[in-house]
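Please read these numbers as outputs of a predicted model, since none were measured by experiment.
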Amino acid sequence: MGDAFDAITAFFGAAVAGVTLFLPVTFSSIRESTPYQLSNLWDSVPRGAAIGVVVAVAVAVPIGTAFRPATAWLVALVGSVAQMINHIAGSHVSSADMLTTQNYIDAVCAGVVLGGLGVAALREPALAAGFALGGVGFFVFGDLNDLLDIDDDPFDVLGSPPSWLIGLVVVLLLLSALRNHAGTGEPEPARMTIELPVAPILAAVVLAVVVLVATEWLQRRFTSAPASGHGVHIGIAVAAVVVATTAAAMLLPGRDGYGVLLALGLTSVADSFGYAPRPGWSVWVLLALTAVGLVAGIRRPSVPVAVALLVAVAVFTIRTPPDATWILFSLGSAVLALTAGYCCAAARPRYAPSGVLALASLYLPTAVSALPDTGKSWLLPHDTVHDTLPGRTALAVVLGSAVGLAVLHRCRPRGRPGSTSTALADI
């Protein structure tokens with residue numbers, strides 16, 4: 001029962017941290033904001049996600065190297081409490097000028113939660129499954145409006161995650177921290193010298209900075225010349241992101257970089273898939289399908305199969321027009337959920353910070369998200385023009401990721417269990 005409770009805690013903690021990095025924090029003062037302030041707030045979302053990725057890995061590395069699992073639960077609790085304080089303070093004293101700063105604070109808190117929770121959860125299969133399932137749940141954030149009591153006011157979705165959900169995570173983390181602290185028994189012998197590996201942190205910095213710079217550069221190209229095709233610009237951005245992700249993967253031990261490369265393809269195809277209104281209960285169906293994909297990946301892990309699923313989803317978005325029936329849309333959503341779960345399980349990182357980096361990188365912007373929003377919705381009128389650019393861009397990213405996976409597979413042997421920490425101590 002104890003592991004089951006911790007798995008539930010890992011699920012909700014990762015889900016709240018993911019929504020935090022994926023949506024901007026704001027309060028009633030946003031209604032008083034100028035267009036310039038709103039623009040700064042929206043620009044801070046991908047930048048905050050990049051900061052959160054680096055913070056998550058920077059927190060996971062020392063905890064996973066030098067401390068017991070009970071400490072990881074405590075660190076995640078501290079991050080969640082800090083996020084709750086930020087939301088409480090924001091709802092009472094927030095001003096339009098402070099929104100961007102509060103969004104960055106929220107991103108740092110989410111990174112601390114992801115880093116601590118990842119180290120605590122990725123040591124046990126059941127906890128790791130809950131952590132992964134909660135982390136990929138942001139793919140269905142658009143369906144959370146009914147679940148999270150968000151009404152039809154477009155400003156309300158910007159308040160996600162709601163304070164009551166953060167409070168629930170605080171309580172769950174507190175109980176898990178107390179349970180794990182009580183079950184530790186005798187303390188481990190103190191290690192006189194500890195060498196912290198810097199390679200995973202460097203990998204996070206390289207990945208976050210290059211992805212952020214490339215996507216913002218591509219977005220500016222479309223803004224300055226919206227009528228142009230920008231094929232060359234898209235190719236440059238995709239190449240830069242793929243190369244940076246491959247470099248980050250090579251900095252991780254063994255073949256732990258599989259997760260980062262699969263995450264790049266997964267986020268790209270998810271962005272290209274588009275959006276459509278769905279009933280609130282569908283979030284549970286998609287999460288259940290994600291869990292099915294997770295179990296399938298645990299039992300039969302295969303990176304080539306994961307890449308094939310990503311290619312299939314990308315081709316589906318290219319070939320299926322936006323006026324397709326809800327049956328085709330539902331089928332595509334189901335396949336995307338299964339693919340997300342399978343990719344998480346197929347990565348199989350052996351070092352906790354590697355898993356934290358892979359999961360946190362899901363919240364980074366992509367070359368697809370930098371494209372204009374036209375043609376990214378489903379169930380549109382029949383005379384709507386089908387824009388295949390997002391799907392073709394996602395397919396290019398997936399194929400680039402496949403090349404990176406092949407390079408990693410050839411150049412980096414899979415490390416033996418138990419040898420990872422020793423090898424990393426020398427990096």
Closest non-hydrogen atoms of V136 and C344, given as atom of the first, atom of the second and distance, are CG1-SG, 3.1 Å
Distance col, row I234:CD1 vs T393:OG1, nearest 0.5 angstrom, shows 4.5 Å
Can you list everything that forms a side chain to side chain donor-acceptor pair (under 3.5 Å) with S176? Sequence neighbours excluded, please. D6, T9
Which pair of heavy atoms, one from L364 and one from A50, lies closest together, and at what distance? CD2-CA, 3.7 Å
Of all the heavy-atom pairs spanning P349 and D256, show the shortest one and how long it is. CA-OD1, 3.4 Å
Quick one: side-chain hydrogen bond (donor to acceptor under 3.5 Å, both in side chains) pairs with a partner in residues 109-133, sequence neighbours left out? none
P365 and side chain to side chain contact (heavy atoms under 4.5 Å, CB included): which partner among D271, V45, T215? T215
Close side-chain approach of I166 and S80, heavy atoms under 4.5 Å: yes
Centroid-to-centroid, F316 to F329, below 6.0 Å? no
In terms of relative ring orientation, are F222 and H230 parallel, tilted or perpendicular, with 30° and 60° separating the classes? tilted
Note: R348 and P301 closest approach over all heavy atoms is CD-CB, 3.6 Å
Non-hydrogen atoms of G257 and L408 that approach each other most closely: C-CD2, 3.5 Å
Any chance you could measure F131, atom CZ, to L359, atom CG, to the nearest 0.5 Å? 4.5 Å
side-chain contact (heavy atoms from CB on, under 4.5 Å) partners of V292, counting only residues at least two apart: L338
Heavy-atom closest contact (L114 atom, A17 atom, distance): CG-CB, 3.7 Å
